[in-house]
Peer 1: 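Just dropping this structure here.
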Amino acid sequence: MTDAQGKGAVLPVSKDPGDAILEFLRLAVAKELADAVILPMKVPSGDSFAWILMNDVSLFEGAVPIAAAMPVQGAKALRSLTRKGPGNLTVIAVMRPCEIRAAIELEKLGQVHTDNLILATYDCPGAIPLQKYVDDPGGSEEHFSLMRRSGKPDNTAKPVCHYCENFSMFDSDLHFGYFGFSEKEVLVIPGSDKGSELLKGLDLDLAKDLSDWKKGIDSLKAEREEARKSAFEETGEQLRGFSGMQSVFASCIGCHNCQSACPICYCRLCYFDSETAQQDPDALITAAAKRGGVSLPEDRIMFHVGRMTHMSLSCVSCGQCTDACPVSIPVAGVFSYVADRTQRTFEYEAGRNDGDPLPLRQFRKSELPGIHELVKNAESEEPSHE
Amino acid sequence: MSSIIIDTSASRGVTGLLKFLLESGKIDAALTMRNDPENNTYDFGLITDASNLDEAVPLIPVMTVNAGQVLSSISISRKKIAAVLKPCELRAFVELVKREKGSLENLLTISYTCGGVFPLDTVITGQIKELLPKYRKTILNGEIPVNTRDTCRACEHFIPMNADITVSVIGECEPGVGCVMHLNTERAVEFTEGFGGERSDRKFDPSTLKKTLDARLAEKEKLFASVTKDGPGLDRLLDTFGKCVGCHGCSSVCPICYCLLCDFESANFDYNLPYFEEHLSRKGALRLPPDTIFFHLGRLTHMSFSCVGCGMCSDVCPVDIPVAAMFKKTGEKTAALFDYLPGRDVEESIPVMVYKEEEFPDIG
């Protein structure tokens with residue numbers, strides 16, 4: 001973060017913060033400071049949004065920068081655009097903080113190239129679950145606009161949003177802050193050299209002191225931390241022991257939708273969908289005979305544990321997995337709970353752009369001393385071969 | 001062929017048969033749906049020990065996974081398996097066998113006249129408990145139960161095609177008071193030898209189910225009209241599939257879509273920046289990720305001949321696109337062009353695998 005000077009530029013608001021952001025983007029493209037933008041736009045049926053890459057300024061009007069729902073995680077849109085390299089287009093993407101954080105994780109995994117992207121975030125009040133939005137777009141919009149004004153997710157918001165602490169500026173190039181200004185103005189805060197340069201190019205002075213805005217954000221953050229504590233306590237209780245895990249995932253049908261909606265799970269062919277994971281049918285029946293029977297499709301819980309092992313260090317708790325689950329399993333609640341612990345274990349926070357490599361890519365001579373202790377104890381309990 | 005009449009409910013009759021088959025060593029395992037009352041969920045059990053059949057609910061009108069998909073990997077085994085399948089699951093499995101993704105060789109297939117299944121949502125919300133008692137009465141009257149999957153309501157193929165054993169669930173007997181099993185094959189006769197019940201030479205008579213058939217056909221007409229009510233064209237496709245989030249859940253639960261890696265998820269559909277630049281300069285805007293509609297059209301091209309209209313795709317769609325109705329309608333039309341009916345006969349080749357010197361002269 002380079003808002004060290006603690007100042008931001010001010011954009012006037014005519015209708016809502018989204019309009020101010022659109023006007024800002026129009027100027028940036030008109031002044032050729034960017035070639036194109038990526039924004040959500042309503043789909044033709046009006047009950048959802050899609051990511052649109054656009055350079056035709058006349059089309060911007062139909063865009064909704066701060067959309068009530070998150071049908072496709074933004075990092076996936078950025079991945080489809082830059083997976084094969086950064087290209088020559090300078091593109092501004094306006095997304096939720098969890099989407100930009102996922103994009104930063106994907107960059108560490110070589111799936112996104114941000115060289116020519118300007119990543120912009122905004123104060124996020126939370127998102128409405130996709131199914132709810134599709135069922136009732138009008139009602140959802142009403143709820144969302146109240147959430148936007150208060151900065152607080154209401155009971156219609158996704159469960160994980162209630163306890164998300166990273167709802168405001170994170171490691172983005174640019175941040176639009178508007179919580180606490182009654183939607184009368186939007187602050188533009190640079191978060192990197194790229195962001196600063198863009199503001200300079202638009203002749204926007206960093207005239208406004210940020211301390212009031214920050215105070216507001218901090219108090220919202222404190223509320224969410226409280227919510228987080230109680231949510232995690234509850235999840236921890238539910239997950240106790242294998243039977244806990246089994247009962248949370250009991251209705252899983254093995255469709256792997258959680259994985260395909262996940263921005264971090266980028267593998268084309270998940271190990272659990274591969275031939276390697278398919279058990280030989282004779283062996284399966286032999287295994288079934290040992291227990292009197294097996295549940296099919298096999299390894300439905302193993303899949304979730306495996307996915308957790310693979311991606312929880314990069315999980316940004318965006319909640320897309322829960323949205324995509326056809327049998328309403330609170331996947332995100334579980335994954336967020338586990339990610340909180342795995343990331344703290346490695347003193348890592350997913351979505352940070354501070355040069356820290358992914359924990360599994362880093363060799364430390366000494367780490368997790370507790371584990372050595374465990375191994376030592378186990379060794380001493382082994383029978384001696386002497 | 002003959003039949004067996006047992007003085008018990010159809011469900012208990014089938015469970016009893018599975019028990020007999022396991023205990024007498026005629027099969028190594030039985031595939032049936034089970035209920036976990038503690039968590040209020042259903043799953044498929046591959047059961048080897050007859051004492052574990054207590055949780056079996058072989059005829060429950062719920063489809064968590066299309067059994068054709070489940071059987072695909074386990075049927076290629078030397079072990080003998082008896083499987084209880086819904087008619088569309090058996091049809092899907094037959095389509096997979098044609099693609100060498102399964103084998104009927106060591107399988108005893110037990111299917112039944114199907115009243116349709118309830119969407120997964122009704123299981124999750126527990127609503128199914130209230131729906132079930134009424135369901136049985138409704139199907140007995142030859143009517144369509146409320147709240148079942150839209151493609152089930154419009155399904156005319158509710159009588160199993162080429163099952164070894166057909167159990168009467170709609171028609172023939174009051175539910176709960178009698179079980180009639182029709183033995184359609186030599187294999188069925190051989191496997192049921194020594195199993196109790198009264199033997200009869202009663203034949204399965206589809207004409208008794210005419211009321212159900214008429215109701216389903218009327219429902220199908222309505223359903224098919226609803227998916228194209230706004231007319232043809234790309235714009236209409238956009239109206240329907242525009243909110244697709246690209247999760248491809250429809251393809252992963254589709255029993256026919258057996259590819260481990262769908263082409264649309266492969267590197268073939270990764271684009272270089274110039275692709276996006278070209279689209280931008282031509283149209284000024286482009287959706288990310290691209291190919292939303294293309295995916296559905298591609299999938300239709302690949303599998304619609306074999307679509308059995310099971311409705312799994314609609315059930316898992318997170319944005320409630322009527323995928324199954326669209327695919328069933330398209331599938332029926334494409335299959336009809338080739339006088340093909342998926343699941344009818346394992347010897348019948350998939351239309352794209354057949355070479356005819358002369359076909360579709362109009363196209364030329």
Side-chain angles (χ1 to χ4, degrees), chain A residues 36 38 43-45 47-48 50-56 58-59 71-72 76-89 130-131 134-135 247 250-251 253-257 260-261 268-269 273-275 278-279 281-282 284-285 288-289 292-297 323-324 326-328, chain B residues 28-29 31 34 36 38-39 41 43-49 51-52 64-65 70 73-79 81 120 123-124 235 238-240 242-243 245-249 252-253 260-261 265-267 270-273 276-277 280 284-290 292 315-320:
Chain A
I38 300 177
V43 297
S45 51
D47 52 359
S48 188
W51 290 108
I52 308 290
L53 170 71
M54 50 193 158
N55 61 357
D56 180 346
S58 71
L59 297 173
V72 174
K76 290 177 88 99
L78 296 175
R79 176 165 67 112
S80 73
L81 181 68
T82 65
R83 190 182 209 162
K84 290 198 146 183
N88 307 314
L89 294 177
L130 185 53
Q131 184 80 61
V134 170
D135 286 346
S247 106
S251 51
I253 60 167
C255 70
H256 298 183
N257 254 14
S260 33
R268 275 186 212 290
L269 182 63
D273 291 321
S274 76
E275 216 148 345
Q278 282 178 9
Q279 213 173 345
D282 287 334
L284 180 71
I285 293 169
V294 286
S295 176
L296 293 176
D323 263 11
V327 289
S328 309
Chain B
D28 298 296
L31 182 77
R34 300 184 298 185
D36 170 3
E38 200 178 310
N39 292 306
T41 53
D43 72 345
F44 275 105
L46 184 66
I47 297 168
T48 51
D49 182 344
S51 66
N52 286 348
T64 52
V65 188
V70 173
S73 57
I74 59 173
S75 65
I76 306 175
S77 161
R78 289 180 300 273
K79 310 271 177 152
I81 301 171
L120 293 171
V123 178
I124 303 312
D235 283 349
L238 261 174
D239 288 341
T240 306
K243 61 182 159 178
V245 295
C247 69
H248 298 184
S252 51
V253 298
L260 285 184
L261 182 65
E265 281 151 22
S266 75
D270 282 354
Y271 298 107
N272 283 314
L273 241 282
F276 296 103
E277 288 169 21
L280 269 187
L286 169 73
R287 182 171 172 153
L288 293 178
T292 305
D315 231 8
V316 301
C317 178
V319 290
D320 296 339

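Convention: sequence-line order gives letters A, B, ...; per-chain numbering from 1. Just so we're clear, the structure is a prediction, and the values are computed from it rather than from any experiment.
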Peer 1: Hey, could you give me the OG1/OH distance between T82(A) and Y271(B), rounded to the nearest 0.5 Å?
Peer 2: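 Going from OG1 on T82(A) over to OH on Y271(B), the span is 15.5 Å.
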Peer 1: Which one, I47(B), T64(B), V70(B), I124(B), leads in non-hydrogen pairs under 4.5 Å with chain A?
Peer 2: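 Looking at each option in turn, the highest pair count goes to I124(B).
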Peer 1: For the pair K79(B) and D282(A), evaluate salt bridge (charged side-chain N to carboxylate O under 4.0 Å, His left out) and give the outcome as yes or no after the intermediate values.
Peer 2: CA-CA 7 Å; K79(B) 310 271 177 152; D282(A) 287 334; 5.6 Å; no
Peer 1: Could you give the distance from CG (D28(B)) to CG (L46(B)), rounded to the nearest 0.5 Å?
Peer 2: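 Nearest 0.5 Å value for the CG-CG distance: 10.0 Å.
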Peer 1: Side chain, backbone, both or neither: which part of V65(B) has a non-hydrogen atom closer than 4.5 Å to chain A?
Peer 2: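 Side chain only.
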Peer 1: Which residue out of P44(A), G293(A), P281(A), G254(A) racks up the most heavy-atom pairs below 4.5 Å with chain B?
Peer 2: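 Ranked by contacts with chain B, first place is P281(A).
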Peer 1: Against chain A, work out which of I74(B), T292(B), L286(B), D315(B) has the most heavy-atom pairs shorter than 4.5 Å and name it.
Peer 2: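 If we count pairs closer than 4.5 Å to chain A, L286(B) comes out on top.
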Peer 1: Given that the side chain runs from C-beta out, which part of D323(A) has a heavy atom under 4.5 Å from chain B: side chain, backbone, both or neither?
Peer 2: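 Answer is backbone: N, CA, C or O of D323(A) sit under 4.5 Å from chain B.
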Peer 1: Is there a donor-acceptor pair under 3.5 Å between the side chain of S295(A) and the backbone N or O of G45(B)?
Peer 2: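 Flag not set: sc S295(A) to bb G45(B) has no pair under 3.5 Å.
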Peer 1: Is it the case that the side chain of D49(B) and the backbone of A289(A) share a donor-acceptor pair, with hydrogens and angles ignored and the cut-off at 3.5 Å?
Peer 2: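 Such a contact is absent between D49(B) side chain and A289(A) backbone.
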Peer 1: What residue in L31(B), L238(B), D270(B) has the most heavy-atom pairs under 4.5 Å with chain A?
Peer 2: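 The candidate making the most pairs under 4.5 Å is D270(B).
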Peer 1: Which bit of D135(A) comes within less than 4.5 Å of chain B, counting heavy atoms only: side chain, backbone, both or neither?
Peer 2: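 The side chain, not the backbone.
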Peer 1: Counting heavy-atom pairs under 4.5 Å to chain B, which of S328(A), A261(A), A50(A), S274(A) comes out on top?
Peer 2: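 Answer, by heavy-atom pair count under 4.5 Å with chain B: A50(A).
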Peer 1: Based on non-hydrogen pairs under 4.5 Å, which of V72(A), I38(A), I253(A), D56(A) is most in contact with chain B?
Peer 2: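 Counting heavy-atom pairs under 4.5 Å, the top option is I253(A).
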Peer 1: I'd like to know if the side chain of K76(A) reaches the main chain of S260(A), judged simply by a donor and an acceptor atom lying under 3.5 Å from each other, with no hydrogens or angles considered.
Peer 2: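 Yes.
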Peer 1: Give, for atom SG of C255(A) and atom CG of L120(B), the distance between the pair rounded to the nearest 0.5 Å.
Peer 2: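 It comes to 9.0 Å.
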Peer 1: Sort out for me which of K84(A), Q278(A), R79(A), R268(A) touches chain B most, counting heavy-atom pairs under 4.5 Å.
Peer 2: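 Most heavy-atom pairs within the cutoff with chain B belong to R268(A).
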Peer 1: Heavy-atom distance under 4.5 Å to chain B: side chain of L59(A), backbone, both or neither?
Peer 2: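 The side chain, not the backbone.
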Peer 1: Tell me, side chain or backbone of V316(B) under 4.5 Å from chain A's heavy atoms, or both, or neither?
Peer 2: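 The answer is both parts of V316(B).
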Peer 1: Is a donor from one side chain sitting under 3.5 angstrom from an acceptor on the other, for S45(A) and D239(B)?
Peer 2: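 Side chains of S45(A) and D239(B): no pair found under 3.5 Å.
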Peer 1: Can any side-chain N or O of N39(B) pair as donor or acceptor with the backbone N or O of A250(A) at less than 3.5 Å?
Peer 2: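 A pair under 3.5 Å: no.
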Peer 1: Measuring heavy-atom distances to chain B, does L78(A) have an atom under 4.5 Å in its side chain, in its backbone, in both, or in neither?
Peer 2: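 For L78(A), neither part sits under 4.5 Å from chain B.
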Peer 1: Counting only non-hydrogen atoms closer than 4.5 Å, does E275(A) touch chain B with its backbone (N, CA, C, O), its side chain (CB onward), both, or neither?
Peer 2: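 Answer is both: backbone and side chain atoms of E275(A) are under 4.5 Å from chain B.
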Peer 1: With a 4.5 angstrom heavy-atom cut-off, which part of S77(B) approaches chain A: side chain, backbone, both or neither?
Peer 2: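 Both backbone and side chain of S77(B) come within 4.5 Å of chain A.
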Peer 1: Tell me whether D36(B) contacts the main-chain N or O of E38(B) through its side chain, where contact means a donor paired with an acceptor under 3.5 Å.
Peer 2: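 The answer is yes, because a donor-acceptor pair under 3.5 Å joins these two groups.
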Peer 1: For chain B, which of L53(A), N88(A), V43(A), I52(A) has the most heavy-atom pairs under 4.5 Å?
Peer 2: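 Highest number of heavy-atom pairs under 4.5 Å: L53(A).
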Peer 1: Under a 4.5 Å cutoff for heavy-atom pairs, which residue among G246(B), A267(B), G242(B) has the most contacts with chain A?
Peer 2: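 When all of G246(B), A267(B), G242(B) are compared, A267(B) has the most.
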Peer 1: Tell me, for N272(B) versus chain A, whether the close heavy atoms (under 4.5 Å) come from the side chain, the backbone, both or neither.
Peer 2: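 Both backbone and side chain of N272(B) come within 4.5 Å of chain A.
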Peer 1: Only pairs of heavy atoms separated by less than 4.5 Å count here; which of C317(B), S266(B), P290(B) has the most with chain A?
Peer 2: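 The option with the most such pairs is S266(B).
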Peer 1: Any donor and acceptor pair, going by atom type alone, linking the side chain of N257(A) with main-chain N or O of A324(A) inside 3.5 Å?
Peer 2: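 A pair under 3.5 Å: yes.
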Peer 1: To the nearest 0.5 angstrom, please state how far the CZ atom of R83(A) sits from the CG atom of L273(B).
Peer 2: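 That separation rounds to 14.0 Å.
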